[in-house]
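What follows is a single structure, written as structure tokens, with notes after it.
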Amino acid sequence: MLDRIQAALPGLPPAERRVAKLALADAHAFALLPVRELALRARVSTPTVVRFCRSMGYDGLADFKRKLTGSVGSGVPHVHRAVQPGDDTAKVFGKVVDNAVAAFLRYRNDASTTAIDKAAVALAAAQRAGRRVEFFGAGNSGIVAQDAQHKFFRLGITAIAHSDGHMQVMSASMLRKGDCAVLISNSGRTRDLMNACEIARKAGATTITITASGSPLAAAGHIHLAADHPEGYDQYSPMVSRLLHLMVIDVLCTCVALRIGNEVLQPMLDEMKKNLQAKRYA
């Protein structure tokens, strides 16, 4: 679609040509901005923006932006759009959102549903047997571990989250057969997590790792849920890996909930809600 706009450029009237150049300069921003902002940036009237869209063969601006979003979106999984010091707010907004969406789409296309299924089966079995599930994470992954504890506790699973290395090693030492340890790390090279994984395995617990493919932690666990995202360390890099890990937990938690079954979960959730309301508003 962008190639077609580029090819049509010489034959467009001067005002419409400015709109076309705006779309070519930053198609992502063009698809997000309202017509008044587009007209202001192209230094044309709002009807000129609509005329340009129709001259390109579309019904109007809404139809043009919808097709443009789809055209540009098809390339999103393969491109990291780095934030630059001179970017305005519209560009920053588009780039940060696009980078997160790209990571999610890559995960959707590359994730092993077989591995997710194995992990869900192990976690559901722990719930049925009344066993423990522990989530270990360091740094940003520690936040994910806390989120996982909250979500799985709502499923009636005795879940605990640890982000301190000493606590991880001590807690892993108390795990036994039937328990599960879920270890979360972007790099998969954190020494404390490696130690906790090794101890949990020796104790007989099932170890599930959410980390980068090919990392030491990925090789150390029983079940590996690959979450591959190269983390940037420049001042403009958002922590996309944390968002990716949160999504992996959401998928895993949903799969476990389906295996537990609504007839078990609903009465428990109703009781939780009743007690929370009584405590909160008494």
Side-chain angles (χ1 to χ4, degrees), residues 1-111 140 143-144 147 186 227-248 250-251:
M1 184 174 177
L2 295 176
D3 288 342
R4 193 148 53 85
I5 296 172
Q6 182 69 51
L9 207 58
L12 293 173
E16 291 183 27
R17 194 178 305 141
R18 288 201 292 273
V19 181
K21 288 181 177 179
L22 185 65
L24 291 170
D26 194 338
H28 291 79
F30 193 100
L32 291 170
L33 293 172
V35 64
R36 289 177 182 273
E37 180 67 19
L38 291 172
L40 183 64
R41 294 190 178 202
R43 305 188 312 280
V44 298
S45 65
T46 53
T48 300
V49 176
V50 178
R51 267 199 313 274
F52 159 72
C53 297
R54 288 178 176 159
S55 70
M56 294 302 301
Y58 299 94
D59 293 336
L61 178 60
D63 184 43
F64 179 85
K65 289 172 76 170
R66 185 165 54 250
K67 301 292 173 51
L68 183 63
T69 301
S71 177
V72 174
S74 65
V76 165
H78 313 291
V79 177
H80 177 81
R81 306 183 68 224
V83 174
Q84 302 298 327
D87 285 350
D88 59 21
T89 301
K91 286 186 177 180
V92 170
F93 175 80
K95 288 179 178 181
V96 170
V97 172
D98 286 350
N99 290 340
V101 170
F104 292 164
L105 289 175
R106 274 195 299 270
Y107 177 70
R108 185 195 66 183
N109 294 335
D110 299 340
N140 281 293
I143 299 171
V144 181
D147 178 77
N186 185 56
D228 298 308
H229 180 75
E231 190 68 83
Y233 293 99
D234 65 81
Q235 63 268 43
Y236 305 120
S237 293
M239 295 296 181
V240 177
S241 63
R242 178 167 57 87
L243 298 178
L244 181 59
H245 292 158
L246 287 169
M247 187 177 68
V248 176
D250 279 355
V251 172

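Worth knowing before you read on, the calculation uses all heavy atoms, side chains too, and leaves out hydrogens, waters and symmetry mates. Counting begins at 1 with the first residue of the sequence.
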Smallest separation among heavy atoms of [X] and [Y], with atom names:
X: Val44; Y: Ala15; value: CG1-O, 3.5 Å
X: Phe52; Y: Glu16; value: CA-OE1, 3.6 Å
X: Ala227; Y: Val248; value: CB-CG2, 4.4 Å
X: Ala100; Y: Val240; value: CA-CG1, 4.1 Å
X: Leu246; Y: Asp147; value: CD2-OD2, 3.5 Å
X: Ser241; Y: His229; value: N-CD2, 3.8 Å

Worksheet item: Are Arg41 and Asp88 within salt-bridge range, i.e. N to O under 4.0 Å?
Response: yes
Can you check whether [Y]'s main-chain N or O pairs, donor with acceptor, with [X]'s side chain at less than 3.5 Å?
X: Asn99; Y: Val96; result: no
X: Arg54; Y: Asp59; result: yes
X: Arg18; Y: Arg43; result: yes
X: Lys65; Y: Leu33; result: yes

Gap separating the [atom1] atom of [X] from the [atom2] atom of [Y], nearest 0.5 angstrom:
X: Thr48; Y: Leu38; atom1: OG1; atom2: CG; result: 12.0 Å
X: Arg242; Y: Ile143; atom1: CZ; atom2: CD1; result: 5.0 Å
X: Gln84; Y: Lys91; atom1: CD; atom2: NZ; result: 9.5 Å
X: Asn186; Y: His245; atom1: CG; atom2: NE2; result: 5.0 Å
X: Cys53; Y: Lys67; atom1: SG; atom2: NZ; result: 11.5 Å

Worksheet item: When you look at Lys95 and Asp98, which way does the side chain to side chain contact (heavy atoms under 4.5 Å, CB included) test go after all the steps?
Response: CA-CA 5 Å; Lys95 288 179 178 181; Asp98 286 350; 5.7 Å; no
Item to complete: Dump the intermediate steps for side chain to side chain contact (heavy atoms under 4.5 Å, CB included) on Val49 and Phe64, then the final yes or no.
Response: CA-CA 10 Å; Val49 176; Phe64 179 85; over 6 Å; no
Discussion item. Val19 vs Phe30, test: side chain to side chain contact (heavy atoms under 4.5 Å, CB included). Steps then yes/no.
Written reply: CA-CA 10 Å; Val19 181; Phe30 193 100; 4.0 Å; yes
Discussion item. Set out, in order, the CA-CA distance, both residues' side-chain angles and the distance that settles side chain to side chain contact (heavy atoms under 4.5 Å, CB included) for Leu2 and Leu68, then state yes or no.
Written reply: CA-CA 8 Å; Leu2 295 176; Leu68 183 63; 3.9 Å; yes
